[in-house]
Amino acid sequence: MQNIGEPIEIEEDILENTLRPRKFKEYIGQEKTKDALRVFVEAAKIRKEPLEHILFYGPPGLGKTTLAHVMASETGSNLKITSGPAIERAGDLVSILTSLEESDIIFIDEIHRLGKVVEEILYPAMEDYAVDIVVGKGPGAKTLRVDLPKFTLIGATTRISLLSSPMRDRFGIIHALDFYSDDEIGKILERSSKILDIKIDQQSVKEIAKRARKTPRIANRLLKRVRDFATVYEQGVAGLDITSKALSDIGVDHLGLDETDRKYLSTLLHKFDGGPVGVETLSAATSIDRNTIEEVIEPYLMQIGFIKRTPKGRMTTPACDINFVPHQSNYGGAKTKENL
Ligand code: ADE
């Protein structure tokens, strides 16, 4: 695997890579998507052809990058990883594409953030395995078509609605990733505890699963925080008491909501009487970035039935009015897409 354009790996990324499953049989959840992908992999192997281009979409942390790793390892292909914002100029993309080898997989995260000019380079690359390079300037300029090896593009986006339709239409396979059940998150936590050699009981696993926002990336981060508390207070053994203390101390409540979610909900409930209110107004009133509201906070609040998006704006639901507890703890790191 090769990361393009992002040379620094922070500790959480290293952790995520250690825990990432590499084969379908290790990957828990997303059963329908997995079944379909298995067929595509088998068909491509039998026909000795590269995989079709694939698009994954859904909220952050649900396994889009992980599935790209699985696809690469199941097909025995090299995986090159980059992202929409990392590819600033057309030349950046051309040099990535021309360095590919036959059957390589290139993964572009946040593909909705590619610029228009860069996107237009991708069209012939995806369709005809070729790039058109303009040589020279002015009336004498010529377009040179350079053939590329047959590669597979895997794109990922949290915002399918922001992807242009010509871009969307060039993917042969499009899959939405769903939130995980608490049982699936529990299984992921058990697998991760084994890999990280964490001593944790069933009840504690269930407690973390309940508060992990149905998201594997968050579950694994919470597991790591619980391990820290267990190391300091309980000689490394994570029981229910220390697990609950760790989760409460870091500001995660019994529903998996943190300080930022609570700020969002309190504002919507108390300042705007439960809505309807527009996202821009909510963003200004809470000082939470609009993208974070739309891509991170709201998908989970809709999933647990606490808010609705209506044509007139956001509204709380009766479930929220009954179950929401505004004050959980005094800690809360600001939530952004990056530190989800
Ligand atoms: N770690 C992160 N996501 C996972 C998944 N879906 N299955 C197994 N382990 C994981």
Side-chain angles (χ1 to χ4, degrees), residues 1 3 6 9-41 54-75 79 81 83 105 107 109-110 154-158 173-202 204-228 238 243 247 252 256 295-296 299-300 303 335 337-340:
M1 189 263 290
N3 261 6
E6 283 161 36
E9 250 194 328
I10 56 172
E11 197 202 344
E12 294 290 353
D13 293 339
I14 295 169
L15 170 84
E16 205 169 334
N17 271 328
T18 317
L19 298 178
R20 240 187 245 297
R22 304 283 157 164
K23 295 282 174 187
F24 283 125
K25 66 176 184 324
E26 298 164 356
Y27 190 102
I28 295 154
Q30 310 294 344
E31 297 302 327
K32 277 199 197 128
T33 297
K34 244 172 12 191
D35 286 350
L37 294 177
R38 273 201 186 97
V39 173
F40 302 135
V41 167
I54 306 170
L55 179 68
F56 294 127
Y57 68 95
L62 296 187
K64 298 185 282 291
T65 312
T66 304
L67 276 176
H69 280 276
V70 170
M71 298 301 278
S73 114
E74 290 280 358
T75 52
L79 178 66
I81 295 184
S83 72
I105 296 180
F107 177 73
D109 201 6
E110 297 190 75
I154 302 185
T157 178
T158 47
I173 301 165
I174 300 184
H175 273 271
L177 297 197
D178 299 326
F179 284 108
Y180 291 64
S181 70
D182 289 0
D183 259 11
E184 289 166 342
I185 294 286
K187 285 187 189 140
I188 290 170
L189 285 165
E190 275 164 16
R191 176 179 178 273
S192 301
S193 325
K194 278 197 197 114
I195 295 171
L196 298 173
D197 200 17
I198 299 176
K199 293 176 197 67
I200 186 163
D201 61 22
Q202 274 296 317
S204 308
V205 164
K206 274 200 170 150
E207 191 58 32
I208 301 177
K210 222 171 68 186
R211 303 200 202 187
R213 302 170 74 87
K214 306 182 185 297
T215 304
R217 185 187 293 159
I218 297 182
N220 285 333
R221 296 228 170 126
L222 295 180
L223 178 67
K224 213 173 153 230
R225 297 289 83 78
V226 166
R227 174 171 70 169
D228 293 341
T243 298
L247 298 174
V252 175
E295 291 171 34
V296 182
Y300 180 66
Q303 160 74 24
K335 181 159 38 192
K337 274 188 298 168
E338 284 68 33
N339 70 10
L340 164 76

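Below, all heavy atoms of this structure are taken into account, side chains as well, without hydrogens, waters or symmetry copies. In listed order, ligands and their atoms are each counted from 1.
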> Backbone, side chain, both or neither: what part of N220 comes under 4.0 angstrom of ligand 1, heavy atoms only?
Replying inline: side chain

> Please state which protein non-hydrogen atom is closest to atom 10 (C) of ligand 1 and give its distance, to 0.1 Å?
Replying inline: P21 CD, 3.6 Å

> Counting each atom of ligand 1 from 1 as listed, which ones have a heavy atom of E26 under 4.0 Å away?
Replying inline: 7 (N), 8 (C)

> Does ligand 1 have a heavy atom under 4.0 Å from the side chain of E184, from its backbone, from both, or from neither?
Replying inline: neither

> Can you find an N/O atom of R20 closer than 3.5 Å to an N/O atom of ligand 1?
Replying inline: no

> If you measure from each heavy atom of G29 to ligand 1, is any distance below 4.0 Å?
Replying inline: no

> Does a donor on one side chain sit under 3.5 Å from an acceptor on the other, for E295 and T158?
Replying inline: yes

> Which residue and non-hydrogen atom of the protein lie closest to atom 6 (N) of ligand 1, and at what distance in Å?
Replying inline: I28 O, 2.9 Å

>> How about NZ on K23, more than 12 heavy atoms from neighbouring residues, nucleotides or ligands closer than 6.0 Å, or not?
In response: yes

> Please walk me through it: do N220 and L196 pass side-chain contact (heavy atoms from CB on, under 4.5 Å)?
Replying inline: CA-CA 10 Å; N220 285 333; L196 298 173; over 6 Å; no

> Quick one: do the Q30 and E184 side chains pair a donor with an acceptor below 3.5 Å?
Replying inline: no

> Would you call D35 and R38 a salt bridge, using N to O less than 4.0 angstrom?
Replying inline: yes

>> If you count every heavy atom of other residues, nucleotides or ligands that lies below 6.0 Å from K34 atom NZ, does the total exceed 12?
In response: yes

> Which heavy atom of the protein is the closest neighbour of atom 3 (N) of ligand 1, given with residue, atom name and distance?
Replying inline: P216 CB, 3.5 Å

> What is the closest protein heavy atom to atom 9 (N) of ligand 1, and at what distance does it sit?
Replying inline: R191 NH1, 3.3 Å

> With a 4.5 Å heavy-atom cut-off, do L223 and I200 have their side chains touching?
Replying inline: yes

> Would I188 count as a contact of ligand 1 if the rule is a heavy atom under 4.0 Å away?
Replying inline: yes

